[in-house]
Engineer: 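Before we start, here is the structure in question, set down as structure tokens.
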Amino acid sequence: MQLQFKETKALHLQEVEAAKKMAETVPVLQEVPVVDTELVEKLTSENEKLKSLVSSLDQKIDETEKKFEERSKINEERLKQAIEAETTIVNLKTAVHELQEKILDVESENKILRQKSLIQASGHLPPTPVKGSQNGHFSSKESPFNGSEIETLARTQEQESDAKTRRYHLDRQRENIGALINCVVNNIGFNQGKPVAAFTIYKCLLHWKSFEAERTSVFDRLVQMIGSAIKDEGDNEHLAYWLSNTSTLLFMIQQSLKPGATPQQKTPVSTSLFGRMAMGFRSAPSSAETSAAAEAAAAAVIRPVVAKDPALLFKQQLTAYVEKIFGMIRDNLKNELQTLLSLCIQAPRTSTGRSLRSFRSSKTMRNNSPLDHWNGIYDGLNAILSTLQENFVPPVLIQNIFIQTFSFINVQLFNSLLLRRECCTFSNGEFVKSGLALLEEWCNETTEEYAGSSWDELKHIRQAVGFMVIHKKYRISYDDIAHDLCPILSVQQLYRICTLYWDDSYNTRSVSQDVIANMRVLMTEDSNNADSSAFLLDEDSSIPFSADDLSSSMKEKDFAEMKPAEELEENPAFSFLI
């Protein structure tokens with residue numbers, strides 16, 4: 001019994017030791033993969049489809065880019081051809097006009113020659129004076145010509161003289177127009193805050209009576225000159241100079257041709273030979289009257305005229321050039337800012353909403369690296385403002401350039417906010433709000449004279465950002481949002497912002513589900529309206545001013561002490577400018 005007990009005890013001890021060893025040993029568990037073959041195959045096929053779709057999209061994008069480049073080249077070539085064609089047309093018009101004038105001269109000469117030949121054919125040529133005459137003159141009874149023949153001869157001589165005078169005048173006029181064009185085509189600066197070229201052109205047109213002319217080539221030459229001068233669409237300095245000149249010239253012509261402006265009625269002057277001779281025997285005006293008339297003429301720099309069709313057409317063409325140059329400068333500024341705006345809607349990864357709140361003061365914002373792109377916009381606005389001011393562009397045009405630029409900024413930022421969920425966050429709201437504060441600072445420094453209502457054009461993005469940065473949104477009702485926080489935004493825009501918004505800084509809730517449900521009901525009720533589904537803003541590229549608006553920036557008295565181009569003062573033909 002004792003032997004069995006010992007053996008059993010030994011076996012028990014062995015089993016205990018074996019159990020301890022087994023417990024200390026880590027069991028190796030084999031993982032049995034559970035694979036859903038069907039799902040894997042489905043996902044693989046979908047992945048291949050997506051890859052092929054992405055590849056086809058990439059190919060289409062490349063093809064579209066190539067087509068766009070080809071179209072752009074074609075458009076540039078067509079634009080060059082159109083400009084060349086326009087120049088050719090203007091040259092042809094000028095040549096045709098000159099040819100018509102020459103034809104008229106030839107017809108006048110032919111008429112005079114025919115009349116001379118008729119007189120010679122009648123056999124009544126003036127004989128050599130004979131003894132019966134006294135001092136070479138016949139008495140009325142002995143005169144070899146009757147009254148009708150004397151009148152015909154006098155009219156023939158007068159027509160011949162008029163034709164020569166007309167031809168001489170036209171030749172001189174062409175020379176004078178060429179001298180004017182060669183002078184004003186260059187940048188000849190400003191005087192009394194107004195462009196010298198525009199003032200000189202107007203004075204010449206007024207003196208030459210080009211506004212009252214039925215036919216003249218001066219307007220076509222000026223249109224051709226302006227068109228050639230603004231070919232470089234990317235040079236804002238050059239464009240600003242010509243915007244100043246064209247708008248100033250348009251204002252002066254507008255004041256001369258406006259309905260209330262009627263020129264003084266003058267006594268009709270006889271154009272016949274005997275009529276002009278009779279005028280010489282009339283009594284001359286008194287010195288007092290002459291002095292008063294001279295003072296009135298000197299004071300009235302801009303004089304009313306009755307314009308003919310060429311002048312009215314030139315005014316329309318000049319208006320079109322003002323609008324075109326305005327659009328060029330505005331679009332250049334938009335293109336410069338567009339790249340920066342795409343970087344201004346989303347805060348840099350290193351920045352947080354909490355850190356941006358400390359950059360409200362202007363001094364700090366200007367030196368803050370996260371706002372570099374906003375600072376770039378600030379500097380770009382200052383650069384174009386300086387260019388426009390240096391070239392004395394009328395303030396009303398400067399206002400409209402910035403108003404439309406700020407409207408463009410509003411559209412770009414607001415639409416990006418509604419289309420990109422990663423932009424509709426609390427930290428981005430703080431980032432954009434800091435940038436908008438920088439633009440507000442710019443508007444205040446620029447003053448209303450040049451900035452106008454630019455700040456009001458940012459109302460959509462300002463109200464959207466104001467909603468994004470407000471705390472405890474879940475306590476706000478729909479009426480509070482629609483009437484107090486964001487009155488300018490539509491229900492579709494509000495719904496889009498509320499559903500996209502998420503708080504990446506404090507992880508707080510957005511508006512309540514009741515507010516969202518209320519918005520859905522209102523959108524359903526507005527579904528019959530065609531425009532109700534649109535939540536994006538449209539860009540406005542219209543021309544926001546008219547020729548009459550220029551009168552708010554310029555007055556006639558501003559030109560009273562202006563001096564014309566110094567380059568023409570030495571030319572005797574332009575002595576009237578002095």
Side-chain angles (χ1 to χ4, degrees), residues 90 93 173 176-177 180-181 183-185 188 190-227 229-230 240-264 297-326 391-397 400 543 545-565 568 574 576-577:
V90 172
K93 281 184 178 180
Q173 186 73 0
N176 294 341
I177 292 173
L180 173 65
I181 297 293
C183 174
V184 299
V185 73
I188 55 177
F190 303 87
N191 181 260
Q192 303 292 325
K194 296 291 183 289
V196 174
F199 180 75
T200 304
I201 292 171
Y202 175 79
K203 292 286 288 183
C204 290
L205 295 177
L206 203 61
H207 179 77
W208 295 337
K209 297 185 178 179
S210 301
F211 297 117
E212 298 97 326
E214 293 284 356
R215 288 180 306 185
T216 178
S217 62
V218 63
F219 295 127
D220 289 335
R221 296 282 302 277
L222 289 172
V223 168
Q224 182 183 5
M225 178 198 69
I226 297 170
I230 60 173
Y241 172 77
W242 281 105
L243 179 60
S244 177
N245 274 281
T246 52
S247 58
T248 302
L249 181 57
L250 178 61
F251 166 78
M252 300 177 81
I253 294 176
Q254 177 80 2
Q255 296 303 107
S256 289
L257 308 186
K258 65 183 181 181
T262 54
Q264 286 184 330
V301 177
I302 299 177
R303 299 201 298 270
V305 294
V306 178
K308 301 297 183 181
D309 289 341
L312 296 175
L313 177 61
F314 177 66
K315 179 190 168 187
Q316 293 176 358
Q317 293 171 323
L318 196 59
T319 303
Y321 270 125
V322 172
E323 294 175 352
K324 181 178 181 179
I325 301 171
F326 172 90
N391 287 278
F392 298 97
V393 174
V396 66
L397 299 184
N400 282 290
I543 300 299
F545 64 89
S546 64
D548 294 331
D549 295 333
L550 294 173
S551 59
S552 64
S553 295
M554 289 183 277
K555 303 296 179 185
E556 293 183 25
K557 63 182 181 180
D558 298 341
F559 302 89
E561 298 181 1
M562 271 201 71
K563 295 181 180 179
L568 296 175
F574 292 89
F576 60 88
L577 292 175

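Numbers here are sequence positions counted from 1. Because the structure is a prediction, the values reported are computed rather than measured.
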Engineer: Classify the ring geometry of Phe559 against Phe199: parallel below 30°, tilted from 30° to 60°, perpendicular beyond 60°.
Structural biologist: parallel
Engineer: Closer than 3.5 angstrom, by distance alone: can the side chain of Asp220 be matched with the main-chain N or O of Ser217 as a donor-acceptor pair?
Structural biologist: no
Engineer: Less than 6.0 Å separating the ring centroids of Phe545 and Phe326?
Structural biologist: yes
Engineer: For the atom pair CG (Asn176) and SG (Cys204), what is the distance rounded to the nearest 0.5 Å?
Structural biologist: 8.0 Å
Engineer: Which heavy-atom pair separates Met225 from Ile201 by the least distance, and what is that distance?
Structural biologist: CE-CD1, 4.5 Å
Engineer: Over 60° means perpendicular and under 30° means parallel, so tell me whether Phe190 and Phe392 are parallel, tilted or perpendicular.
Structural biologist: tilted
Engineer: Distance check, rounded to the nearest 0.5 Å: Lys203 atom NZ versus Leu180 atom CG?
Structural biologist: 13.5 Å
Engineer: Is there a donor-acceptor contact under 3.5 Å linking the side chains of Gln192 and Asp558?
Structural biologist: no
Engineer: If you measure from CD on Gln255 to CG on Leu550, what distance do you get to the nearest 0.5 Å?
Structural biologist: 9.5 Å
Engineer: Which heavy-atom pair separates Ala307 from Leu312 by the least distance, and what is that distance?
Structural biologist: CB-CD2, 4.1 Å
Engineer: To the nearest 0.5 Å, what is the distance between CD1 (Ile226) and CG (Leu249)?
Structural biologist: 7.0 Å
Engineer: Find the distance between CD (Glu556) and CD1 (Ile302) and round it off to the nearest 0.5 Å.
Structural biologist: 4.5 Å
Engineer: Minimum heavy-atom separation for Leu243 and Val322, please, with both atom names.
Structural biologist: CD1-O, 3.7 Å
Engineer: Look up atom NZ in Lys308 and atom OG1 in Thr216, then write down how far apart they are to the nearest 0.5 Å.
Structural biologist: 14.0 Å
Engineer: Which pair of non-hydrogen atoms, one from Glu212 and one from Val305, has the smallest distance, and what is that distance?
Structural biologist: OE2-CG1, 3.7 Å
Engineer: Any sub-3.5 Å donor-acceptor pair from Ser553's side-chain atoms to Val396's backbone N or O?
Structural biologist: yes
Engineer: Counting N and O atoms only, with roles assigned by atom type, does the side chain of Ser256 sit under 3.5 Å from a partner on the main chain of Arg303, one being a donor and the other an acceptor?
Structural biologist: yes
Engineer: Provide the closest heavy-atom pair for Ala197 versus Asn245 in the form atom of the first, atom of the second, distance.
Structural biologist: CB-OD1, 3.1 Å
Engineer: Measure across Tyr202 and Met252 and return the closest heavy-atom pair with its distance rounded to 0.1 Å.
Structural biologist: CD2-CE, 3.4 Å
